[in-house]
Structures are given as structure tokens and as C-alpha cells.
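To start, the structure itself, in C-alpha cells.
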Amino acid sequence: MKQILGKLRRAATDFNMIQDGDKIAVGVSGGKDSNLLLKALKMYQRFSNEKFDIVAITIDMGFKEYTPEPLIEYFKELDIEFKIVPTQIGEILFDVRKEKNPCSLCANMRRGILHDTAKELGCNKVALGHHLNDAIETFLLSLFYEARLNTFSPVTYLSRKDLYLIRPFVYVYEKEIIGACNKYNIPVVKNPCPANGETKRQYMKDLIKQIEHDIPFVKDNILNAITNIDQLNIWDKEKISKICKKD
Ligand SMILES: Nc1ncnc2c1ncn2[C@@H]1O[C@H](COP(=O)(O)OP(=O)(O)OP(=O)(O)O)[C@@H](O)[C@H]1O
């Protein structure tokens, strides 16, 4: 956990994520990443120079098998204000609209409700559990499937809602999160979604694992590439076309 907190502090400092007086809503899905993020932020709160508040928000996607009780216990144990928002997203997408590809619509609806709830609770920031593996996978997915050099940002400002999204785990590897969750017995309560829309991401995970056999430091190198803007060397047609042509 010390290592994770060190990385959280480094990300918070590098990207100026947290300021005095912030009220941060942690989006807690019940999965390992955001559950651990909640605990890590709570610990960080104690030694951070900035004074800030935390509240946990969980969007209940409305699946029948969902049991939030272990999460409620976890929030109480951490002594964190929390709100579980009941929704019918699952029912709307699967039973009413019978969506064939529900994942992006589902994520959009979930995000909207998360952001609105954060505002209602007086929060100015929303913290999400995305980690370094997510950033790297997203980077490769964008490159391979969308022809873009792109990944999500550690900090995003949503001007329409006047809300900041922060991702304090951007320097933390998934392996470290799994290790800490096992060590600290962090409860995991996944929203039981019947869709499996993340096949491309799984493909990317597997691909990175394969590459790591031959290039063990490949993830570190991708991180360095993502964070070092000075080495960005891509073909700028306008600039390059002027190099030889002197008039
Ligand atoms: N139902 C939800 N309620 C609140 N926040 C959520 C919910 N689902 C996702 N989030 C937030 O969005 C982030 C990214 O969502 P995603 O579904 O990609 O999670 P994940 O990578 O499986 O991580 P986790 O292990 O936290 O579920 C989560 O880490 C969490 O902060």
C-alpha cells in the first residue's frame, strides 16, 4: 500500500489533482480498482497537505442479482459518507430496448448519473479508478482501431457540469492493485452485467502480456512515451513539406 500511496501522491502532485477545500466524489463500482481507490484516498487524506472531503457514490445498475450490502459495510468501516443510487439502466437496456451493443450507452448513462449525483452532493471533483494498465490499453486501442495517438487524461474538466474528473491511480499498475486488494481483503461486489462488450480490451491485455515476454519493460516505456510530450515526433505535413523547399 505504501507504494500505491506513493504513486497516488506523485500523480496528485504531477497533475495538481487535489486542492484545499475539494469535495471529491469517488465513483465506486464495487470492483477492485475503485474500491481500493476509496481506501487509498482516505489514507492519503490523513497525510496530504491539502484538506479535502471524500464521498463515495455507487450507481446501482438495477440488476436483480446485485447485492450492495458488503459495499455498505465497507463504506461504514472506512467511515465515509456514501450514496447508492438505484437506477433501471440494466432493465432499460436489456429488457425494454433489447440493445445488441449496450456497453457505450450504458457507460454514458452511468456517467451522467454519477456526475449529476456528485453535483447534488456538493462535490467539485469525481475520482475514478482507472489505472496505468487501463491507460496503456486505451492508448493501444485508439492507435490500432481509431488511428489516433490518444488515451484518457489524468484530469479532465467537464465545463457543462463544472466538474473535474480525476484519476489518482494513473501511475498504479493493475498488478499492484490486485496485490493490495488481496492483502487488505478489499471486498469486491461487481455489478452483474450480462453483456461482454470488452473483447477488444481483453485482446489488448493479452497482447501486452505476450509482448512483455520479450520486452519486460514495455509498459514502462509506453508510460514514458505518453508522459513525455517533447519526444512526440509525428509527421506534420505542413512543416515537413517546407524543409527542402526554399523560396
Ligand atoms: N456503477 C458504478 N458506480 C460508480 N462508479 C462507477 C461505476 N462503474 C464504474 N464506475 C467508475 O468508473 C471507473 C471505470 O469504470 P470501469 O467499468 O471501466 O471499471 P473497472 O476498470 O472495471 O474498475 P473497477 O474495478 O473500479 O470496477 C471505475 O473505476 C469507477 O471509478
Side-chain angles (χ1 to χ4, degrees), residues 4 8 11 17 24-42 54-63 65-68 70-72 74-75 80-93 102-121 123 125-139 141 151-156 158 163-182 184 186-202 204-205:
I4 291 180
L8 190 155
M17 281 184 185
I24 303 176
V26 183
V28 179
S29 68
K32 59 177 178 18
D33 307 331
S34 47
N35 281 12
L36 187 71
L37 175 64
L38 186 67
K39 187 181 175 75
L41 276 174
K42 178 79 188 177
I54 301 173
V55 41
I57 300 177
T58 297
I59 312 301
D60 175 348
M61 307 299 283
F63 294 111
E65 311 84 1
Y66 182 62
T67 49
L71 260 189
I72 295 174
Y74 182 55
F75 296 150
I80 283 179
E81 178 191 344
F82 67 92
K83 178 151 188 172
I84 298 183
V85 188
T87 75
Q88 293 172 320
I89 295 177
E91 198 184 314
I92 295 168
L93 294 183
C103 296
S104 67
L105 184 56
C106 173
N108 272 337
M109 292 169 86
R110 190 186 69 204
R111 274 196 288 266
I113 297 171
L114 176 62
H115 300 163
D116 290 344
T117 310
K119 290 296 286 186
E120 275 162 33
L121 295 176
C123 300
K125 290 185 179 160
V126 171
L128 301 168
H130 295 109
H131 47 67
L132 185 47
N133 292 59
D134 290 328
I136 292 170
E137 288 154 18
T138 304
F139 181 72
L141 282 166
T151 189
F152 55 75
S153 169
V155 177
T156 312
L158 305 178
L163 196 64
Y164 296 87
L165 302 185
I166 59 171
R167 296 175 166 100
F169 271 176
V170 278
Y171 287 152
V172 181
Y173 284 118
E174 186 169 24
K175 203 168 68 180
E176 298 173 295
I177 293 177
I178 294 170
C181 283
N182 290 338
Y184 293 97
I186 306 291
V188 173
V189 187
K190 267 279 180 195
N191 276 309
C193 174
N196 181 13
E198 285 284 63
T199 48
K200 282 184 188 158
R201 186 168 290 273
Q202 189 55 49
M204 220 38 82
K205 269 185 200 295

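Index from 1, following the sequence. Computation of the quantities below employed the complete heavy-atom set of this structure, encompassing side-chain atoms and omitting hydrogens, waters and symmetry-equivalent molecules. All ligand and atom numbering here is 1-based and tracks the order in the structure.
Heavy-atom proximity to Leu128, at under 4.0 Å, picks out these atoms of ligand 1: 11 (C), 12 (O), 31 (O). For ligand 1, the atoms sitting less than 4.0 Å from at least one non-hydrogen atom of His130 are 14 (C), numbered in the order shown with element in parentheses. Interface atoms of ligand 1 facing Gly27, defined by a heavy-atom separation under 4.0 Å, are 4 (C), 5 (N), 11 (C), 30 (C), 31 (O). Every atom of ligand 1 is numbered from 1 in the order shown, and the set under 4.0 Å from a heavy atom of Arg110 is 1 (N), 2 (C), 7 (C), 8 (N), 9 (C), 15 (O), 17 (O).
Using a 4.5 Å heavy-atom threshold, the side chains of Leu158 and Val126 count as separate. Looking at Leu165 and Phe152, their side chains never come closer than 4.5 Å, going by heavy atoms from C-beta outward.
Among Ile57, Asp33, Val26, Asn133, the residue whose heavy atom sits closest to atom 4 (C) of ligand 1 is Ile57.
Considering backbone and side-chain atoms alike, Gly129 places an N or O below 3.5 Å from some N or O of ligand 1. Close N/O approach between Ile59 and ligand 1 is found [any backbone or side-chain N/O within under 3.5 Å]. Backbone and side-chain nitrogen or oxygen atoms of Leu114 are examined, and none is located within less than 3.5 angstrom of a nitrogen or oxygen of ligand 1. Considering backbone and side-chain atoms alike, Thr58 places every N or O at 3.5 Å or more from each N or O of ligand 1.
Here Asn35 has no heavy atoms under 4.0 Å from ligand 1, in either its backbone or its side chain. At a heavy-atom distance under 4.0 Å, only backbone atoms of Val28 (N, CA, C or O) approach ligand 1.
Contacts of Thr151 classified as side chain to side chain contact (heavy atoms under 4.5 Å, CB included), with partners at least two apart in sequence or in another chain: Ala135, Thr138, Phe139, Ile226.
When every heavy atom of Ile89 is checked against every heavy atom of Cys106, the shortest pair comes out as CG2-SG, 4.1 Å.
Residue pairs meeting the salt bridge (charged side-chain N to carboxylate O under 4.0 Å, His left out) criterion with at least one partner in residues 106-116, sequence neighbours excluded, are Asp116-Lys161.
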Run Val28 and Phe82 through side-chain contact (heavy atoms from CB on, under 4.5 Å) and show every step you take. CA-CA 10 Å; Val28 179; Phe82 67 92; over 6 Å; no
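A donor-acceptor pair under 3.5 Å is formed between the side chain of Tyr74 and the backbone N or O of Asn35.
Note that the NE2 atom of His115 and the CD1 atom of Ile57 stand 9.5 Å from one another [nearest 0.5 Å].
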